[in-house]
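Okay, so here's the structure we're looking at.
All chains are named by letter (A, B, ...) in the order of the sequence lines, taking the proteins before the strands, and each is independently numbered beginning at 1.
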Protein chains: 2
Amino acid sequence: MSSNQKIDKRIKRTKKALQNALITLMQSHDFKAITITDIVKHADYNRGTFYKHYKYKEELLEDIIEEVIKDLVDSYRQPYQDTDSFTFNSLSASAVKIFEHVYAHANFYQLIIQSNALPGFHKRISNELKKLPLQDLAEIEPSPDIDPELHASYQAYAIFGMIMEWVEGGFKLTPAYMADQLLEMLKFSPVNSRFKIRSDLEK
Amino acid sequence: MSSNQKIDKRIKRTKKALQNALITLMQSHDFKAITITDIVKHADYNRGTFYKHYKYKEELLEDIIEEVIKDLVDSYRQPYQDTDSFTFNSLSASAVKIFEHVYAHANFYQLIIQSNALPGFHKRISNELKKLPLQDLAEIEPSPDIDPELHASYQAYAIFGMIMEWVEGGFKLTPAYMADQLLEMLKFSPVNSRFKIRSDLEK
DNA sequence: TTTGTTAGTGAACATCTGTTGAATAAATCT
DNA sequence: AGATTTATTCAACAGATGTTCACTAACAAA
């Protein structure tokens with residue numbers, strides 16, 4: 001069933017060991033400060049072995065991320081599992097499952113996002129966008145032609161944005177509440193939105 | 001008017017030179033492959049000088065980004081400039097201005113996003129989210145209590161998502177069209193959305 | 001213009017990087 | 001089981017890193 005296409009035992013063992021070593025080191029050290037030498041010393045492997053599998057730390061990290069993403073996708077699909085016709089429940093449940101997945105890997109997400117593994121470009125620019133009163137943008141004459149690719153990217157990043165907010169807020173909200181909020185956003189009709197210019201343009 | 005609080009001429013000169021050197025090198029080399037030595041050699045400064053101002057390449061890059069973001073904010077605020085009451089035109093115009101800003105700095109955005117300056121975590125996870133049929137999530141009973149912080153982050157990342165799609169599509173769309181699409185998204189009433197499960201769950 | 005301050009230089013250092021080659025160990029295949 | 005393939009080791013290398021030092025050159029303030 002799984003794609004275990006004859007991968008050498010040693011490779012699996014080594015990669016797992018290196019992954020664990022990196023995760024462990026990231027608990028206590030900034031990502032940038034962790035050296036390849038640190039990782040292999042901690043995992044008790046030769047430095048050359050690292051370079052046989054990875055070009056740099058980031059590649060090792062992406063390998064780790066890959067597994068978490070697998071679980072994310074699985075989580076999303078769970079409600080659909082034994083259904084071949086659509087029900088609202090399964091759809092709503094999928095939303096919940098996504099946030100439950102993140103919650104289950106809370107430590108990991110916190111680690112990835114807070115460590116400067118991703119030099120904060122998207123964080124930086126998103127934070128700036130957040131300051132702008134974009135929420136007030138609304139209410140124009142209709143026309144139902146939305147580019148599906150743009151819309152997909154819009155939605156994907158929007159949810160990622162919710163997750164970022166959740167993570168950086170220290171997971172104070174429950175997964176159920178997060179899912180609820182997402183559904184709320186989606187049904188949010190901009191007709192209701194109040195129009196006023198923010199007067200607080202300080203800094 | 002500007003916050004030029006007596007910064008040593010030499011610092012400005014040096015930083016600008018280093019920034020220019022990095023940008024130039026990024027045109028032809030992968031970010032990861034550019035060394036500090038490369039940068040200072042290209043800018044004709046001593047290596048120690050680099051470390052007096054920056055800890056690592058990423059910090060230098062963030063300095064560059066900062067200026068672009070300044071222009072982004074300025075662009076957004078332009079339509080509001082001489083207005084103290086809200087008009088739809090100024091709001092719509094702000095949306096246009098954002099995308100015009102990105103378009104004006106197309107090379108820069110392409111450079112930043114395509115170079116692996118930001119190890120592709122958000123890219124990776126967002127792409128995965130894009131594959132999930134999240135657009136179909138919709139149509140639930142009403143309730144108008146949306147967490148403003150979550151909503152802000154949702155919106156900010158959503159727009160960032162549009163920009164990402166635009167950039168990676170090679171800027172084939174016009175800024176006006178992008179702005180139009182954004183406004184379309186915002187007014188998009190999910191009541192219209194068709195409900196069906198994707199049957200293509202390959203891979 | 002002089003004085004105090006600080007940015008930039010050049011050199012040196014230990015450490016880390018990325019790569020290589022020959023030897024060894026552990027896996028896979030028949 | 002033995003034969004073959006290949007992952008891992010160890011040592012060595014040139015180059016890059018990150019830090020420090022005393023020296024000088026350029027700037028700011030008076």
Please report the distance, rounded to the nearest Å, between [atom1] in [X] and [atom2] in [N].
X	N	atom1	atom2	value
B/I7	C/dT6	CD1	P	15 Å
A/Y45	C/dA26	OH	P	11 Å
A/N46	C/dG18	CG	C1'	13 Å
A/I36	C/dT17	CD1	P	5 Å
B/L25	D/dA16	CG	C1'	15 Å
A/F50	C/dG18	CZ	P	8 Å
B/K12	D/dC27	NZ	C1'	13 Å
A/E58	C/dG18	CD	P	10 Å

State whether the side chain of A/K57 and the backbone N or O of A/I34 hold a donor-acceptor pair below 3.5 Å, judged by distance alone.
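Flag set: sc A/K57 to bb A/I34 pair under 3.5 Å.
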
Does the side chain of B/Y51 get closer than 4.0 angstrom to OP1 or OP2 of D/dG18 through an N or O atom?
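It does, given that an N or O in the side chain of B/Y51 lies less than 4.0 Å from OP1 or OP2 of D/dG18.
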
Considering just the side-chain nitrogens and oxygens of B/T37, establish if one lies under 4.0 Å of OP1 or OP2 belonging to D/dG15.
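For D/dG15, neither OP1 nor OP2 has a side-chain N or O of B/T37 closer than 4.0 Å.
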
Students often get this wrong, so: under 4.0 angstrom with heavy atoms, is [X] touching a base, only sugar-phosphate, or nothing?
X	result
A/Y56	nothing
A/K9	sugar-phosphate
B/D8	sugar-phosphate

Between A/T49 and B/K52, which is nearer to the 5' end of DNA chain D once each is assigned its nearest nucleotide?
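Result of the comparison: A/T49.
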
Closer to the 5' end of DNA chain D via nearest nucleotide, is it A/K32 or A/H53?
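Its nucleotide being nearer the 5' end, the pick is A/H53.
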
Ignoring hydrogens and angles, are the base of C/dA27 and the side chain of A/R10 linked by a donor-acceptor pair under 3.5 Å?
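Side chain to base: no pair present.
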
Look at the side chain of B/R47 and the base of C/dG10, then say whether one donor and one acceptor between them are separated by less than 3.5 Å.
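Absent.
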
Could you verify whether a donor N or O on one side chain and an acceptor N or O on the other, from A/H53 and A/Y45, lie under 3.5 Å apart?
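Result is no, nothing qualifies.
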
Output yes when A/E59 and B/K32 qualify as a salt bridge under the 4.0 Å nitrogen-oxygen rule, no when they do not.
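No, this pair does not count.
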
Angle between ring planes, B/Y109 versus B/H105, binned at 30° and 60°: parallel, tilted or perpendicular?
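Rings of B/Y109 and B/H105: perpendicular, as their planes differ by over 60°.
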
B/Y103 and B/W166: aromatic ring centres closer than 6.0 Å?
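Here the rings of B/W166 and B/Y103 have centres that are less than 6.0 Å from each other.
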
To the side chain of A/I11, which of D/dA7, D/dC27, C/dA26 is closest?
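Given the options D/dA7, D/dC27, C/dA26, the side chain of A/I11 is closest to D/dA7.
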
